[in-house]
Amino acid sequence: SLKSFSVAAGSTTFRAVDGVLFSADGKTLVLYPLGREGAEYRVPDGTQRIAGKAFLGCKTLKTLDLPPSLAAIDANAFSGCVALETVALPDGLTTLDDFAFSGCRALKTVAFPANLTTLGERALGGCAFSTLEIPATLTTVKQAGDLRAEAFSVAPGSTAFRAVDGVLFSADGKTLV
């Protein structure tokens, strides 16, 4: 399994940062080497996007530290990262795309950032949380039936959702989410 990326000097498409593949401008993490050793990874400051499938199937990563500059996590970015236990989503993150953390069955806690507006289809599919707080800014959940938690809570001011006795409903209370 690949342990590290290296990029030829002068490349206008990619660059490697500590063995991880990034776009040439460093704003997009493109691909994490699945054979990389270590259970922790800190995404460098200035990274704005995690590309689709960037960490797909990574079996060893347990802790992920994301920078405040991160605005988007693309589809399948962390799908199948079965050992991932801890991730703190930064406040600048507005979108968790489809299947972003699908199949991360060790992930038991996640704090949604205050600015999150969109939760893609099965973005957290296969995760089982004890509690999950929905931020007031979240207005779009593509497939809510896949959200699993022992109890939900909704931040004050939400116009899209409300929680009643730990159960998630639409704001008008007519639809069980």
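- Note on ring orientation: taking the six-membered ring where Trp is involved, the planes of F55 and Y32 are parallel (angle under 30°, cut-offs 30° and 60°).
- Here the NZ-OG1 distance, from K27 to T47, works out to 11.0 Å after rounding to the nearest 0.5 Å.
- I50 contributes atom CD1, which lies 11.0 Å from atom CG of L96 (distance to the nearest 0.5 angstrom).
- Under a hydrophobic-cluster definition in which Ile, Leu, Val, Met, Phe, Trp and Tyr are linked whenever side-chain heavy atoms come within less than 4.5 Å, directly or via other members, L66 and V17 are assigned to the same cluster.
- Atoms SG and NZ, from C81 and K59 in turn, are 8.0 Å apart once rounded to the nearest 0.5 Å.
- No donor-acceptor pair closer than 3.5 Å links the side chain of T94 to the backbone N or O of N115.
- When all heavy atoms of R122 and S102 are compared, the pair lying nearest together is O-CB, 3.5 Å.
- Residues V30 and I73 fall into different hydrophobic clusters, defined by Ile, Leu, Val, Met, Phe, Trp and Tyr side chains chained together at heavy-atom separations under 4.5 Å.
- Shown here is D18, whose CG atom has no more than 12 heavy atoms of other residues, nucleotides or ligands within 6.0 Å.
- A pairwise comparison of heavy atoms in S11 and A24 identifies O-CB, 4.5 Å as the closest pair.
- In the hydrophobic clustering of ILVMFWY residues, with side-chain heavy atoms under 4.5 Å counting as a link, F14 and F5 come out together.
- Side-chain contact of T95 with D97: a donor-acceptor pair under 3.5 Å is absent, judged by distance alone.
- Separation of atoms OG1 (T117) and CZ (F112) is listed at 12.0 Å; rounding is to 0.5 Å.
- Shown here for L31 and A54, the closest heavy-atom pair between the two residues is CD1-O, 3.5 Å.
- Using modelled atom types, no side-chain atom of T140 and backbone atom of T118 make a donor-acceptor pair closer than 3.5 Å.
- With values rounded to the nearest 0.5 angstrom, F78 atom CZ is found 11.0 Å from L56 atom CG.
- Across S1 and G35, no two heavy atoms sit closer than the pair OG-N, 3.6 Å.
- For the atom pair OG (S23) and CZ (R15), the distance works out to 7.0 Å, reported to the nearest 0.5 Å.
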(request) Show your reasoning for whether side-chain contact (heavy atoms from CB on, under 4.5 Å) applies to F152 and V177. (result) CA-CA 11 Å; F152 289 93; V177 179; over 6 Å; no
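- Residues L119 and F99 fall into different hydrophobic clusters, defined by Ile, Leu, Val, Met, Phe, Trp and Tyr side chains chained together at heavy-atom separations under 4.5 Å.
- Side-chain contact between V43 and L70 is absent, with no heavy-atom pair separated by less than 4.5 Å.
- Between R36 and the options L61, T60, V20, a side chain to side chain contact (heavy atoms under 4.5 Å, CB included) holds for only V20.
- Note: the hydrophobic cluster containing L116 also contains F129 (ILVMFWY, side chain heavy atoms under 4.5 Å, direct or indirect links).
- Of all the heavy atoms in P68 and P90, the pair that sits closest is CA-CB, 3.9 Å.
- Checked by atom type and distance alone, the side chain of D98 pairs as donor or acceptor with a backbone atom of E121 at under 3.5 Å.
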